[in-house]
Protein chains: 2
Amino acid sequence: MGNSDSDICHRNMTSPTMFHKRQAGKSQTRKSQTSALKSRVMEVSLAHFSDVGIEQTNVGDILQDADCSVGSLYHHFGSKEGIAEALFVEGVDHFNAGLLAALLPRRTASTGIKAMVTFCCEWVTDQPQLAAFLLSREIKLSELARLELREKDRAFGQSTYDWFAPHVKSGELQALPTGLYMPLICGPTLECSRMWLSGRSARSPGEVAAILAEASWQSVRKSVRKS
Amino acid sequence: MGNSDSDICHRNMTSPTMFHKRQAGKSQTRKSQTSALKSRVMEVSLAHFSDVGIEQTNVGDILQDADCSVGSLYHHFGSKEGIAEALFVEGVDHFNAGLLAALLPRRTASTGIKAMVTFCCEWVTDQPQLAAFLLSREIKLSELARLELREKDRAFGQSTYDWFAPHVKSGELQALPTGLYMPLICGPTLECSRMWLSGRSARSPGEVAAILAEASWQSVRKSVRKS
DNA sequence: ACTATTCTAGAATTTTGTTCTAGTAATAAT
DNA sequence: ATTATTACTAGAACAAAATTCTAGAATAGT
């Protein structure tokens, strides 16, 4: 153990019982400092990750840009992948919540499905960085995070299913395996998003939202014709 | 040139003399040995990449599993990313060729579109490793490879367009921005594939191919009804 | 006051991708 | 045939980056 002599003089203010510095204006509480640090790290990391990818991002840059020490970073996130994981879970949460908020208020099958597609398009166009990061499946999730996500997925699926069920019953929507609705409704949009985000396509999802919405609706509505 | 005997090398004390280490029974030609080595490296790398991702794969493991030396690997591929790049280009070629081969012989719009979707499903289900690797957009391509791919993309797009055009003209297919056909036709399938490959869904694309084919067809056919 | 816990800090270590020098086989040039 | 050149193999050495370690400081709990 270290010899803890001499240079403590500094902080040795006689008798601090309830003496913590709570200078509300200037220095914040430790708690808020910490949470600010974590946000800073995540924000900075997202910028780097979505720009050059997780692998190419080096921890040193994050440390510098977020004004964070090695110790703090590894204390809070465990590893570089840990940061990515936190970002991923947060991002999925945000997206799912928005999607549900867009869907649930709609009363007809047609408007609901189209609202989902439209929301998807707008979300991607509005926050390309986060979208690019989420859509690039570059993240190796830990077992823990994987379970957490699976549970969120399940809950989300249940919520959408509750909305779909009546419309399936009424004959407006096709009856499909539950796992197929999302791919059919959002798959084309996400594919367009990937193209746009990676620079392979010039048209943003926002610009083609109406076409995508109509097409996706056609793909899941109950067809009266035989093909 | 240089007389090798006089100047003693300080850094390299051991010399790589033995070469007969890797001759299996008969000594093959150097050429075939080399190409076998390259294939081995690519095969082994694909297994690792699709399993844990490029970042998590370390070169040492590839070297060991492929029984390859550092020098050879860097001579042939330049870097770890170089291996990924080679795999990626080869994979895209293979997929595109198959897709075209499935599409071109079909005479009607409906059978053509459905053939594309079906091929997609089968291809992913048949070679999950390669599919997982291609669908994870984890690869940072070099400028050279990027151009090469863009050209292949263009050629591929042209070929499909040539097939689509008559059916659009005849009123069977919707007229859409060219960039939208692929996302609409293959987007849902690819989304399903991602889900299945990442373990988030239990149903393989192969199992739901028929449903996907029908739905995708509905999304791009010319609709007679208004919705 | 004392102890435990959480957090910050950065030096030290380890891991890992890549470079470097050197040697070998095959081929082209003289 | 001899020599020069090129393609390839080999692994030690290197550099850079991720992570661990040790220690000290702030806060919470008793």
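When reading the values below, keep in mind they use all heavy atoms of this one structure, side chains included, and skip hydrogens, waters and symmetry mates. Below, chain A is the first sequence line, B the second, and so on; all start at residue 1.
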Rounded to whole Å, please give me the gap between [atom1] in [X] and [atom2] in [N].
X: Gln56(B); N: dG17(C); atom1: CD; atom2: P; value: 10 Å
X: Gln33(A); N: dA25(D); atom1: CD; atom2: P; value: 16 Å
X: Leu37(A); N: dA26(D); atom1: CG; atom2: P; value: 16 Å
X: Tyr74(B); N: dG11(D); atom1: OH; atom2: C1'; value: 13 Å
X: Lys38(B); N: dC8(D); atom1: NZ; atom2: P; value: 7 Å
X: Asp67(A); N: dC7(C); atom1: CG; atom2: P; value: 18 Å
X: Phe77(A); N: dC7(C); atom1: CZ; atom2: C1'; value: 13 Å
X: Glu81(B); N: dT16(C); atom1: CD; atom2: P; value: 17 Å

Given [options], identify the nucleotide with an atom nearest to the side chain of [X].
X: Asn58(A); options: dT18(C), dT19(D), dA18(D); answer: dA18(D)
X: Val59(A); options: dA10(D), dT20(D), dA18(D); answer: dA18(D)
X: Thr34(A); options: dC7(C), dT19(C), dC8(D); answer: dC7(C)
X: His75(B); options: dG10(C), dT18(C), dA7(D); answer: dA7(D)
X: Lys80(A); options: dC8(D), dA18(D), dC7(C); answer: dA18(D)

Touch class at under 4.0 angstrom, heavy-atom based, for Ser35(A) against every strand present: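 Ser35(A): no heavy atom of the nucleic acid under 4.0 Å.
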Distance below 4.0 Å between Ser69(B) side-chain N/O and dT9(D) OP1 or OP2: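 Looking at the OP1 and OP2 atoms of dT9(D), neither is under 4.0 Å from any side-chain N or O of Ser69(B).
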side-chain N/O His76(A) vs dT8(C) OP1/OP2, d < 4.0 Å: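 Affirmative; the distance criterion is met.
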Under 3.5 Å side-chain donor-acceptor pair for Ser72(A) and Ser69(A):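 There is such a pair between these side chains.
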Heavy atoms of other groups near Gln56(B) CD, more than 12 under 6.0 Å: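 Yes, enclosed.
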Residue Arg150(B) excluded, over 12 heavy atoms near CZ under 6.0 Å: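 No, CZ of Arg150(B) has 12 or fewer neighbouring heavy atoms, counting only those of other groups under 6.0 Å.
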Whichever of Ile54(A) and Gly71(A) has its nearest DNA chain D nucleotide further upstream toward 5':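 Per heavy-atom nearest nucleotide, the more 5' residue is Ile54(A).
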Cys120(B) vs Leu190(B), side-chain contact (heavy atoms from CB on, under 4.5 Å): CA-CA, chis, key distance, verdict: CA-CA 8 Å; Cys120(B) 223; Leu190(B) 296 180; 4.1 Å; yes
Nearest-nucleotide 5' precedence on DNA chain C, Glu55(A) against Ser72(A):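 It is Ser72(A), whose closest nucleotide lies nearer the 5' terminus.
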Closest non-hydrogen atom pair between Leu176(B) and Tyr181(B), with its separation: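 The answer is N-OH, 3.1 Å.
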